Number of protein chains: 2
Amino acid sequence: MADLLTSRLGYLLKHAQLNFAASGARALEPLGITGRQLAVLVVLDAAEPLSQLDAARELGVDRTTMVALVDELEAKDLVERRRSPDDRRKNIVGLTAHGKKALAEGERLHKETEKAFLAELTPIESELFLRILKKLAADTAREADGEPDQDENENA
Amino acid sequence: MADLLTSRLGYLLKHAQLNFAASGARALEPLGITGRQLAVLVVLDAAEPLSQLDAARELGVDRTTMVALVDELEAKDLVERRRSPDDRRKNIVGLTAHGKKALAEGERLHKETEKAFLAELTPIESELFLRILKKLAADTAREADGEPDQDENENA
DNA sequence: TATTGTTATACTCTATAACTATA
DNA sequence: TATAGTTATAGAGTATAACAATA
């Protein structure tokens, strides 16, 4: 690949993201989980017990997608479903002991990955970069048009 | 969506990218092309004529994917295929007059979008951000393991 | 009637395998 | 034999529609 496109912001964002995702995947490989699955564990490790729909909203995914995510984690014995006694339509999803261990180790690996990824930067650059990125990620970025509320394409 | 994940680098990169892509798509809407298609036009507007495979390499996509990309652009009369006289296996893909116009206008809209996206930043922040992003996007980010040459997942 | 989880289905994106025509 | 373009096909990933259980 040459670099006709490498000065384009979209290209840079996409490839920075791909690079980081690849690093994360590599780091989590020995744990046997994906970055996606780690993110789900993070969300499910909340103070209050979450239903599948609660977790789906937190992750920004469809509830049908959430079914598959929980299926995966349950197959690995990282989480378990139980019917909510308060509302028997709901599945409360909680981490198993194994899941809590995987979460802790995954978070450790994840932090290492972030650190390694930003290692080339000075602490000041690093801080500034994250601050800017937060702005750009939060920004709904709808400039000129007045669309009322189009649903965002959200992923963890 | 709440923000349990919003301090994670992966999340920030992904959502900054999604936001920018959405802005770009909105900006190009009146032109009737996608950001992807604009990137293909940029590549095909090279000094030397490119075959489909040349362009695919430049874009970092598979040659089968390239077929579809050229099909789309040809359907919109933005590019045209012609057999290479030197090697009749090759399709040289060139921009039509209409394609050149679309490219110019698309690039104008694209630059506006980049500018708007970075508008909240000071010029110094902007410059620093792009410089850092370039580093992170270029970085193959293979830290601890010595894999010889795994093919990257490339997209424009 | 509305909501939660589920399944079936479809759609997008992209890659692999196989075919053709050329070299 | 190898390469360029093409087609058919399959695999992720995710969404929509419909259904059962529950509210």
Side-chain angles (χ1 to χ4, degrees), chain A residues 1 10 14-15 17-18 21-22 24-25 33-40 43-44 48-75 79-94 150-156, chain B residues 1 10 14-15 17-18 21-22 25 33-37 39-40 43-44 48-75 79-94 150-156:
Chain A
M1 275 221 31
K14 183 165 206 169
H15 282 255
Q17 195 258 313
L18 286 173
I33 64 174
T34 66
R36 193 79 200 281
Q37 292 171 334
L38 178 60
V40 178
V43 164
L44 289 175
E48 344 74 62
L50 297 180
S51 73
Q52 287 186 199
L53 193 54
D54 293 335
R57 289 202 182 105
E58 192 76 22
L59 286 161
V61 300
D62 194 85
R63 69 199 162 122
T64 64
T65 302
M66 197 67 213
V67 173
L69 291 173
V70 175
D71 282 349
E72 289 167 17
L73 294 173
E74 203 173 44
V79 305
E80 56 190 3
R81 293 166 156 108
R82 57 176 201 278
R83 278 310 198 207
S84 166
D86 301 340
D87 183 340
R88 292 178 37 71
R89 289 172 303 184
K90 293 186 180 179
N91 278 346
I92 301 302
V93 188
Q150 69 196 29
D151 242 311
E152 287 295 306
N153 172 13
E154 302 281 357
N155 290 303
Chain B
M1 278 223 28
K14 183 166 204 166
H15 282 253
Q17 195 259 312
L18 287 173
I33 65 174
T34 65
R36 193 79 198 282
Q37 293 171 335
V40 179
V43 165
L44 289 176
E48 344 72 61
L50 297 179
S51 72
Q52 287 187 199
L53 193 54
D54 293 335
R57 288 203 182 105
E58 192 77 22
L59 285 161
V61 301
D62 194 86
R63 68 200 165 127
T64 63
T65 303
M66 197 67 214
V67 174
L69 291 174
V70 175
D71 282 348
E72 289 166 18
L73 294 173
E74 202 173 45
V79 305
E80 55 191 3
R81 293 167 157 107
R82 57 175 200 278
R83 278 311 198 207
S84 166
D86 301 340
D87 183 341
R88 291 176 39 71
R89 291 172 302 183
K90 293 186 180 179
N91 278 346
I92 302 302
V93 188
Q150 69 195 28
D151 242 309
E152 286 295 305
N153 173 10
E154 302 282 355
N155 290 303

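Since we're looking at a predicted model, the values are computed, not measured. Note: hydrogens, waters and symmetry copies are ignored here, and every other heavy atom, side chains too, is used. Numbered from 1 within each chain, the chains take letters A, B, ... in sequence-line order.
- Candidate nucleotides dG5(C), dT16(D), dT22(C) were compared by shortest atom distance to the side chain of R89(B), and dT22(C) ranks first.
- Side-chain N/O atoms of R63(A) and base N/O atoms of dG5(C) include a donor-acceptor pair closer than 3.5 Å.
- Taking atom CD on E74(B) and atom P on dG5(D), their separation rounds to 13 Å, with Å as the unit.
- The side chain of R88(B) has dA23(C) as its nearest neighbour among dA15(D), dA23(C), dA23(D).
- The two residues L59(A) and V43(A) come nearest to each other via the heavy atoms CD2-CG2, 3.8 Å.
- Rounded to a whole Å, the CD atom of Q37(B) is 10 Å from the P atom of dC13(C).
- Between T64(A) and D87(B), the residue anchored nearer the 5' end of DNA chain D, judged by the nucleotide with its closest heavy atom, is D87(B).
- A donor-acceptor pair shorter than 3.5 Å can be found between the side chains of N91(B) and R83(B).
- N91(B) comes within 4.0 angstrom of the backbone, heavy atoms only, and of no base.
- Taking atom CG on L69(A) and atom C1' on dT6(C), their separation rounds to 14 Å, with Å as the unit.
- Counting only distance, with no hydrogens or angles, the side chain of D62(A) and the backbone of T64(A) share a donor-acceptor pair below 3.5 Å.
- Side-chain N or O atoms of Q52(A) include none that pairs as donor or acceptor with a backbone N or O of M66(A) at under 3.5 Å.
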Does the pair D71(B) and R81(B) meet the rule for a side-chain contact (heavy atoms from CB on, under 4.5 Å), with working shown?
-> CA-CA 9 Å; D71(B) 282 348; R81(B) 293 167 157 107; 3.0 Å; yes

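- Comparing dA4(D), dT6(C), dT6(D) by their closest approach to the side chain of V67(B) singles out dT6(D).
- Between the C1' atom of dT6(D) and the CG atom of L53(B) lies a distance of 13 Å, rounded to the nearest Å.
- Here the P atom of nucleotide dA4(D) and the CG atom of D86(B) are 14 Å apart, to the nearest Å.
- Look at CD1 on I92(B): it is 8 Å from P on dG5(D), rounded to the nearest Å.
- Within the 4.0 Å cut-off from OP1 or OP2 of dT14(D), at least one side-chain nitrogen or oxygen of R36(A) is found.
- Close to dT6(D), at under 4.0 Å from its OP1 or OP2, lies a side-chain N or O of R81(B).
- The interatomic distance linking M66(A) (CE) with dT16(D) (P) rounds to 17 Å, in whole Å.
- The interatomic distance linking K90(B) (NZ) with dT3(D) (C1') rounds to 9 Å, in whole Å.
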